[in-house]
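Working notes, structure below.
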Amino acid sequence: MVETGSVARALLLENPHHETDALLRAVGLEVERHPGALDEDELIEALDGVSLLGIRSKTRVTKRVFEAHPQLEAIGTFSIGTTQIDLLEATRAGVAVFNAPFSNTRSVVELAVAEIIALNRRLTERDRALHEGRWEKSAAGAHEVRGLTLGIIGYGNIGTQLSVVAEALGMTVVFFDLQERPALGNAKRCRTMEEVFRAADVVSIHVDDSPANGGLIGAREFSQMKQGTLFLNLSRGFVVDVEALRDNIVEGHIAGAAVDVYPEEPKANGDPFASPLRGLPNVILTPHIGGSTLEAQYEIGQFVGNKLAGYAKAASTDMSVNLPRLTLTPSPESRYRVAWVHRNMPGVLALVNQAFAESGANISGQILGTVHEIGYMITDLSSEIAPEALEALRNLEGTIRLRVLERHLRG
């Protein structure tokens with residue numbers, strides 16, 4: 001009988017929901033936790049003997065990390081973004097990466113709506129005055145959101161849901177997105193960001209973490225916005241030039257802002273926070289909590305935990321961000337599962353099956369997928385696997401990673 005490999009240990013950083021631990025332990029994993037983010041050297045040390053890694057937004061997984069730990073098999077990021085992971089190197093190493101693209105959408109949308117209302121009513125200023133012992137009852141500068149125009153930059157999962165909720169509040173919605181996305185409700189698609197800025201009373205940014213979005217909103221873009229515009233950024237810190245935003249608030253061109261993400265963020269709670277936006281009137285600053293509700297964190301823990309468990313137990317790459325997305329249901333007679341990550345080359349399927357056939361192995365199920373230069377194949381066998389068949393697979397040109405599982409098929 002062949003010796004089968006299995007995922008033994010998982011390391012979770014930055015406090016994902018504890019529901020994740022139960023999901024991973026249910027498939028036989030030993031789970032370790034560390035409450036904060038780790039820098040590169042700390043992460044390399046912590047990953048000794050670890051096969052699955054869970055992180056949030058502050059731990060960076062670099063080429064050096066992948067080179068130091070070839071045993072690392074999968075990474076789950078308990079967030080939407082994946083720029084903290086070198087995806088090219090992860091793919092080259094055959095490491096599956098999973099994220100949570102939908103789980104915190106509602107939480108971000110609700111925070112954006114709350115901040116749109118708070119900025120229009122200047123609630124932070126009224127609150128501060130009372131806390132300082134001053135009664136300042138006034139309608140000056142306070143507006144209803146009904147009848148205002150909301151401009152959304154980035155009409156993905158969050159932008160579209162914000163669009164629907166904003167319309168329910170009586171707002172008119174215009175949006176811009178580089179991709180062709182259908183307008184929901186009565187929202188209007190604009191051809192350029194400038195067209196959005198010229199129309200909007202409130203501008204809310206909801207773009208992804210693509211490096212191409214760096215510096216997307218700067219002095220030029222603020223100058224295109226209407227006098228008295230309210231501005232929100234709940235997407236990525238590197239998207240907005242915060243110095244330019246500060247200048248526009250001080251000059252009165254931007255009437256208020258809500259910012260949840262920053263170019264540089266502290267690593268841990270209690271660390272000092274510095275920003276040119278501190279102390280400005282009608283400005284709401286929150287510590288990257290757009291998705292930080294108990295409901296969202298539970299959903300994220302469930303989603304990413306299930307993806308990691310599925311990979312550990314059954315080699316499933318469903319919803320992977322970098323490997324072909326494959327799921328194979330085993331037949332009752334299946335005994336072993338061989339998962340093979342390889343470079344995408346013509347004729348590899350024939351070579352693999354030839355190696356199995358020559359060793360007398362019986363294939364009970366098989367699936368193959370490719371994405372650009374990477375291929376992934378899952379093969380179920382109902383017979384023993386000869387060591388020479390596995391050796392032949394390992395030695396095939398283009399092999400990146402080979403896993404053999406048995407226990408995932410038992411119950």
Side-chain angles (χ1 to χ4, degrees), residues 106-154 158-159 161-175 185-188 190 193 195-206 217 221-235 240 242-262 275-290 292-293:
R106 183 67 184 190
S107 294
V108 177
V109 167
E110 288 189 3
L111 180 60
V113 170
E115 291 180 333
I116 290 170
I117 295 172
L119 292 172
N120 272 288
R121 297 297 297 271
R122 306 189 77 88
L123 294 185
T124 58
E125 295 179 357
R126 304 296 180 255
D127 173 76
R128 185 178 300 113
L130 287 183
H131 277 287
E132 294 172 353
R134 302 190 315 276
W135 183 266
E136 294 183 356
K137 180 180 179 181
S138 171
H143 300 278
E144 295 180 355
V145 299
R146 179 179 53 179
L148 299 181
T149 296
L150 170 63
I152 299 174
I153 306 298
I158 293 172
Q161 191 169 147
L162 176 61
S163 173
V164 172
V165 177
E167 277 202 0
L169 292 172
M171 301 185 79
T172 298
V173 176
V174 294
F175 70 91
N186 295 313
K188 175 188 174 184
C190 294
M193 287 200 302
E195 188 178 346
V196 172
F197 298 150
R198 298 298 184 194
D201 302 296
V202 182
V203 172
S204 194
I205 310 299
H206 299 285
I217 309 296
E221 287 71 30
F222 285 119
S223 71
Q224 294 169 348
M225 298 178 193
K226 296 196 301 185
Q227 178 75 23
T229 295
L230 297 172
F231 179 81
L232 288 81
N233 182 22
L234 286 82
S235 60
V240 176
V242 291
E243 293 287 352
L245 175 56
R246 175 186 170 82
D247 291 344
N248 277 269
I249 294 171
V250 170
E251 294 166 4
H253 182 67
I254 299 297
V259 178
D260 186 52
V261 289
Y262 308 89
S275 171
L277 302 176
R278 286 177 53 189
L280 297 180
N282 205 29
V283 171
I284 301 171
L285 303 180
T286 50
H288 204 147
I289 58 169
S292 294
T293 61

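Note: hydrogens, waters and symmetry copies are ignored here, and every other heavy atom, side chains too, is used. Being a predicted model, the structure only gives us computed values, none of them experimental.
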V259 and V242, any side-chain heavy atoms less than 4.5 Å apart: no
Closest heavy-atom pair and its distance - A258, E115: CB-OE1, 3.2 Å
Atom of V173, atom of A166 and distance for their closest heavy-atom approach: CG2-CB, 4.0 Å
Nearest-0.5 Å distance that lies between atom CD1 in I153 and atom CZ in F175: 10.5 Å
CG on D201 to CE on M171, rounded to 0.5 Å: 7.0 Å
Worked check of side chain to side chain contact (heavy atoms under 4.5 Å, CB included) between T229 and N248: CA-CA 10 Å; T229 295; N248 277 269; over 6 Å; no
Closest approach of Q161 to R106 (non-hydrogen atoms, all atoms of both residues): OE1-CD, 2.9 Å
Note, L119 side chain near V202 side chain (heavy atom, < 4.5 Å): no
Close side-chain approach of R246 to L280, heavy-atom, < 4.5 Å: yes
Minimum heavy-atom distance between T124 and I284, given as atom pair plus value: CG2-CG1, 3.5 Å
With sequence neighbours excluded, residues passing salt bridge (Lys or Arg N to Asp or Glu O under 4.0 Å) with R122: E125
R134 atom CZ, over 12 foreign heavy atoms within 6.0 Å: yes
Side-chain heavy-atom pair I217, V203 within 4.5 angstrom cut-off: no
Whether over 12 other heavy atoms sit under 6.0 Å from R126 CZ: yes
Heavy-atom pair of closest approach, residues A200 and K226: O-CE, 3.1 Å
Heavy-atom pair with the smallest gap, counting every atom of L162 and S204: CD2-OG, 3.9 Å
Any residue meeting ring-ring contact (aromatic ring centres under 6.0 Å, His included) with F222, in chain and number order, not counting sequence neighbours: F231
CA sep, side-chain torsions, deciding dist, call: N233, V261, side chain to side chain contact (heavy atoms under 4.5 Å, CB included): CA-CA 7 Å; N233 182 22; V261 289; 3.6 Å; yes
Side-chain (Q224) to main-chain (V196) donor-acceptor, under 3.5 angstrom: no
Evaluation steps, side chain to side chain contact (heavy atoms under 4.5 Å, CB included), between H206 and L234: CA-CA 6 Å; H206 299 285; L234 286 82; 4.2 Å; yes
